[in-house]
Student: 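Have a look at this one.
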Amino acid sequence: MDRIYLTTPIFYINAEPHLGHTYTMVVVDTLARYWRSRGADTFFLTGTDEHGEKIAEAAAAAGESPKQFADRLSALFRSTWDECGITYDHFIRTTDPEHVRHVQEVVARVHERGDIYFGEYEGLYCTGCERYYTEKELVDGRCPDHRTVPDLRREQNYFFRMSRYQKQLVAHIEANPDWIRPERFRNEVLGFLREPLEDLSISRPKSRLTWGIELPFDAAFVLYVWIDALLNYTSAAAVRGGEFFARMWPAAEHVIAKDILKTHAIYWPTFLMSAGFPLYRHLNVHGYWTVEGQKMSKSLGNVVAPRDMIARYGRDSFRYFLLRESVFGLDADFREEALVGRYNGDLANNLGNLVSRTLSMVHRYFGGEVPPASCPESIDREVEDAFRSAEAEIDGHMSKLAFGRALESLFRATDRANKYIVETAPFTLAKSKSEMPRVGTILRVLVDALARSASLAAPFLPDTADRMVQLLGLPADATERYGADAASRIPPGHRVNAPVPLFPRLDAPPA
RNA sequence: CGCGGGGUGGAGCAGUCUGGUAGCUCGCGAGGCUCAUAACCUCGAGGUCGCAGGUUCAAAUCCUGCCCCCGCAACCA
């Protein structure tokens, strides 16, 4: 696999960025950094979803035009990701003119193909919600939100012949067992698909909503927001030209949260089939975060804002916690106390301390110059092997999105290096002059271990890797290439900087 | 018979698909070291893997039944 086109959902801008969005971003950013460092042709797409009824309403409530509102919120998302150090390649907005053009082109093609027809929809409509409900969604025949009895309404709209592609979709899912992963979500989709698919209403009359993309074949309607939103994925590739599209789009890896499984596993692929595009390579579905055991919600007031966490703990610590403490695909619980525990246990005591004690000894015993490995012993190899194993394990885990496991592997290696210091006791040997060559060799092994740690940690802990590289006196791009050869570029006599604690220990979680 | 997730040493979790000495982090107890961020290292205590049956040479893992917990209005990854 030498190509990868990574996507996050484009976030709907009726809420501010929170823990959930951030998790998705961190996951994809980590994948992007990882694949880039492995030399893969990598593209990372994110953005904002800005059309639709809810945005129009929210804008009105804020006393702004929809476009003004969208500009403001989109900028907020973008700046939040910039502050988090997210390395996206393209930030798409569904209000971008190129996107609008792409959407209209594709919708026109699907229409020409005969997969869009004009029809009438009859359903139970709640005027308060401005949407239709199915009988199942109603509570005692009333709108669950407004407690009112919905009207039976008819509306004429355009429909996408989703039903036409059901068989083909089921066949694809069955032929590609890991196309939707983890498996529980694949099973859920196959469950949906046991029932006949209904065609999808893909228009809204302008009499009801104007904040959307106009249908290319009927100016009286705008496109249903989900079709508009899903097409962001191909849109961003298409604007880069046909060659880019042909090369990268089939390597698409979508990362989403479980709430939008149906749109991505059913609406999207059937629409792609109709449009004549290849399907994406994988749909990767993750779970939700609870906060201190409770559902995160505005009404409970427990929404975790990424900016607050970064301000309090730093980017890498927050990021580390999200990756280390969750299993991709399962729900996870965010507890600040646990974050502090991870910070102290893994980042400060294990990795940070290894950096500290190694550099400290290089300075104390060799004036900051990396000594030559003039006196090797067999135990030295165990440290090198630990990092080599870690690298192989990380590769295995990353291909399965097992971020927590990957980090575990990395920290097993740094832990091995910490034990090595006690086992070889260079600080004891240093008391006798004749042992100094051996002391130097031990420190050389440790400096190499630091370089390797930085290299392996870079996708997960980018700031930390940069700081380690700086402390080691290596060029800033030293972590860009991944792998165990990271160490080989440090010649004897190379000067390293004096240690600065990477992760000052935190005593207690703030209240 | 609504759907889904979960029940593994004191806490939080992994392992369950592809049965075969029950693992990780934290906490706890004892000892050690001093290069280091009150860190680090070693050893130890602590589990009938929700319950009951079944399959098997062998079950946390597969099968059956049962019990308990959580989520399923909206916001929303």
Side-chain angles (χ1 to χ4, degrees), chain A residues 8-12 14-28 54 58 129 133 136-139 142-147 177 182-185 187-188 191 255-261 285-290 293-300 303-304 306 322 324-327 329-333 335 337-338 340-365 402 404-405 407-408 411-412 415 417-430 439 442-443 446 499-507:
Chain A
T8 71
I10 48 173
F11 302 115
Y12 206 53
N14 59 348
E16 299 198 353
H18 58 60
L19 176 64
H21 305 111
T22 312
Y23 174 68
T24 310
M25 289 305 275
V26 164
V27 161
V28 176
K54 285 177 191 160
C129 302
Y133 277 95
K136 240 175 109 181
E137 290 175 304
L138 298 174
V139 178
R142 290 165 182 270
C143 165
D145 213 8
H146 294 85
R147 300 274 150 206
E183 195 178 15
R184 47 160 58 76
F185 295 110
N187 294 338
E188 200 174 321
V255 176
I256 63 166
K258 63 184 184 182
D259 60 321
I260 49 177
L261 175 62
V285 188
H286 67 72
Y288 264 17
W289 283 87
T290 53
Q294 284 192 298
K295 193 171 173 175
M296 185 170 68
S297 74
K298 284 179 190 166
S299 37
L300 285 173
V303 175
V304 174
L322 295 181
R324 178 65 184 78
E325 200 73 4
S326 62
V327 176
L330 300 180
D331 289 356
D333 189 38
R335 284 180 305 128
E337 197 185 331
V340 172
R342 286 292 177 196
Y343 178 100
N344 283 332
D346 297 346
L347 298 177
N349 296 349
N350 187 336
L351 178 61
N353 193 35
L354 177 65
V355 172
S356 229
R357 58 203 309 208
T358 299
L359 294 182
S360 169
M361 284 189 281
V362 172
H363 274 268
R364 179 181 294 233
Y365 304 129
R405 291 311 186 106
L407 286 164
E408 231 176 88
F411 280 85
R412 237 194 319 278
D415 190 52
N418 270 318
K419 285 176 171 58
Y420 170 80
I421 296 179
V422 177
E423 287 162 354
T424 56
F427 41 85
T428 303
L429 298 177
V439 173
I442 291 165
L443 292 178
L446 289 168
V500 178
L502 291 177
F503 300 98
R505 211 184 140 80
L506 297 172
D507 284 325

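Within every chain, numbering begins at 1; the chains are lettered A, B, ... in the order of the sequence lines, protein sequences first and strands thereafter.
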Student: Sorted by first residue and then second, give each salt bridge (Lys or Arg N to Asp or Glu O under 4.0 Å) pair with at least one member in residues 417-426 of chain A; sequence neighbours left out.
Tutor: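 Salt bridge (Lys or Arg N to Asp or Glu O under 4.0 Å) check on residues 417-426 of chain A returns A/D415-A/K419, A/R416-A/E423.
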Student: Figure out the CG/C1' separation between A/D259 and B/rG4, and round it to whole Å.
Tutor: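 From A/D259 CG to B/rG4 C1': 15 Å.
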Student: So that I can compare with my own list, what are the stems of RNA chain B, taken as at least three consecutive Watson-Crick or G-U pairs with distances under 3.5 Å?
Tutor: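 RNA chain B stems, ordered by first number: B:2-7 with B:67-72, B:10-13 with B:23-26, B:28-32 with B:40-44, B:50-54 with B:62-66.
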Student: Rounded to whole angstrom units, what separation is found between the CD atom of A/E337 and the C1' atom of B/rC26?
Tutor: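 Checked: the CD to C1' distance equals 10 Å.
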Student: Would you measure the distance from the C1' atom in B/rU21 across to the matching atom in B/rG65 and give it in whole Å?
Tutor: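 To the nearest whole Å, 31 Å.
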Student: Using side chain to side chain contact (heavy atoms under 4.5 Å, CB included) as the criterion, list what pairs up with A/V327, not counting sequence neighbours.
Tutor: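 If we apply the side chain to side chain contact (heavy atoms under 4.5 Å, CB included) test to A/V327, skipping adjacent residues, the hits are A/L330.
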Student: If you look at every heavy atom in A/I421 and A/P426, which pair is closest and at what distance?
Tutor: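 In terms of heavy atoms, the two residues are closest at O-CD, 3.3 Å.
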Student: A/Y23 stacking on B/rA77: centroids under 5.5 Å, ring planes under 30°?
Tutor: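 Not stacked by the 5.5 Å and 30° rule.
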Student: Hey, which sits more toward the 5' end of RNA chain B by its nearest nucleotide, A/F503 or A/D333?
Tutor: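 Looking at RNA chain B, the more 5' nearest nucleotide goes with A/D333.
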Student: Would you be so kind as to tabulate the donor-acceptor pairs closer than 3.5 Å made by side chains of residues 354-361 of chain A, with sequence neighbours excluded?
Tutor:
unit_1	atom_1	unit_2	atom_2	d
A/R357	NH1	A/N418	OD1	2.9
A/T358	OG1	A/L354	O	2.8

Student: At under 4.0 Å between heavy atoms, what does A/N349 touch on the DNA or RNA strands: base, sugar-phosphate, or nothing?
Tutor: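 Counting heavy atoms under 4.0 Å across all strands, the contact made by A/N349 is with sugar-phosphate only.
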Student: So which protein nitrogen or oxygen atoms get under 3.5 Å of nucleotides 6-9 of chain B's nitrogens or oxygens?
Tutor:
unit_1	atom_1	unit_2	atom_2	d
B/rG6	OP1	A/R184	NH2	3.1

Student: Look up atom CG in A/D333 and atom OH in A/Y288, then write down how far apart they are to the nearest 0.5 Å.
Tutor: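 Separation between the atoms: 15.5 Å.
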Student: Quick one: A/R335 CZ to B/rG12 C1', roughly how many Å, whole number?
Tutor: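 For the pair A/R335 CZ and B/rG12 C1', the rounded distance is 6 Å.
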Student: So, using side chain to side chain contact (heavy atoms under 4.5 Å, CB included) as the criterion, who are the partners of A/A58 when residues are at least two apart?
Tutor: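 If we apply the side chain to side chain contact (heavy atoms under 4.5 Å, CB included) test to A/A58, skipping adjacent residues, the hits are A/F69.
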Student: Without decimals, in angstroms, what is the distance between A/K419 NZ and B/rC33 P?
Tutor: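 The distance from NZ of A/K419 to P of B/rC33 comes to 18 Å, rounded to the nearest Å.
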